[in-house]
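Input: a single structure, listed below in structure tokens.
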Amino acid sequence: DTGVSQDPRHKITKRGQNVTFRCDPISEHNRLYWYRQTLGQGPEFLTYFQNEAQLEKSRLLSDRFSAERPKGSFSTLEIQRTEQGDSAMYLCASSQWMGAYNEQFFGPGTRLTVL
Amino acid sequence: AQSVTQLDSHVSVSEGTPVLLRCNYSSSYSPSLFWYVQHPNKGLQLLLKYTSAATLVKGINGFEAEFKKSETSFHLTKPSAHMSDAAEYFCVVSDAGYGGSQGNLIFGKGTKLSVKP
């Protein structure tokens with residue numbers, strides 16, 4: 001257990017529905033990252049926050065995706081109008097950013113299945 | 001731009017024999033390199049990290065990796081495999097080096113390690 005938790009662990013939804021995932025990072029960490037992992041691939045970066053500010057978004061993050069980190073604590077990732085191609089494991093990680101080094105601690109992930 | 005290439009998608013060894021998982025990297029500047037392990041239905045766990053200190057890095061569970069700048073490699077080794085080592089291993093580069101500010105991790109495609117009794 002790394003101290004990063006994600007909820008739910010599994011989500012099955014029908015195409016076109018909206019889904020929201022939550023990530024609770026290690027409490028003293030100022031950075032929070034979202035990644036997506038599809039079957040047989042390594043995780044791919046989606047977006048990250050430093051405190052409450054969203055500083056970077058990947059091209060993978062279409063306009064159907066939105067992420068927030070109110071008050072710089074937990075974060076939510078929402079997918080609107082889900083598509084079958086959104087089926088993946090969504091991973092959250094947190095770190096204490098101190099410049100040149102960035103060890104990230106990962107949560108167990110939320111597995112999304114879109115029918 | 002940073003990237004990593006894991007040269008084997010699947011490695012199979014017998015218990016008690018050495019493990020070698022190969023990784024080459026590409027980076028515009030001095031990289032931070034990591035190996036993560038992912039057991040089935042479990043989260044990613046950091047095995048070891050290289051951050052421009054010693055080139056031979058020791059990690060958990062007897063794993064180690066050697067940073068070779070001339071070969072742009074960061075191979076993961078273990079002298080003697082254990083059944084519990086069976087998992088997916090990811091070589092990772094971070095752009096959190098000199099001039100990099102994001103710190104997001106760039107993963108290889110992974111190497112699945114099987115350990116036969």
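All values below were derived from every heavy atom in this structure, side-chain atoms included, with hydrogens, water molecules and symmetry-related copies excluded. Just so it is clear: chains get the letters A, B, ... in the order the sequence lines come, proteins before strands, and each one is counted from 1.
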Top contributor to chain B contacts, counting heavy-atom pairs under 4.5 Å, from A:P108, A:G109, A:P43 | A:P43
Is it true that atom CD of A:E68 has more than 12 heavy atoms of other residues, nucleotides or ligands lying nearer than 6.0 Å?
-> no
Contacting region of A:Q50 [heavy-atom separation from chain B under 4.5 Å] = neither
Residue part contacting chain B, namely of A:R111, when any heavy atom lies under 4.5 Å | neither
May I ask you to decide if the ring planes of A:Y35 and A:F106 are parallel, tilted or perpendicular, using 30° and 60° as cut-offs?
-> tilted
Would you mind checking if A:D86 and A:R64 are paired as a salt bridge, meaning a charged N to carboxylate O distance below 4.0 Å?
-> yes
Ring centres under 6.0 angstrom apart (B:F67, B:Y50) | yes
Leading residue by heavy atom contact count with chain B [cutoff under 4.5 Å; candidates A:Q6, A:Q37, A:R9] | A:Q37
Quick one: are the ring centres of B:F74 and B:F34 less than 6.0 Å apart?
-> no
Checking B:Q45 against chain A: side chain, backbone, both or neither under 4.5 Å from a heavy atom?
-> neither
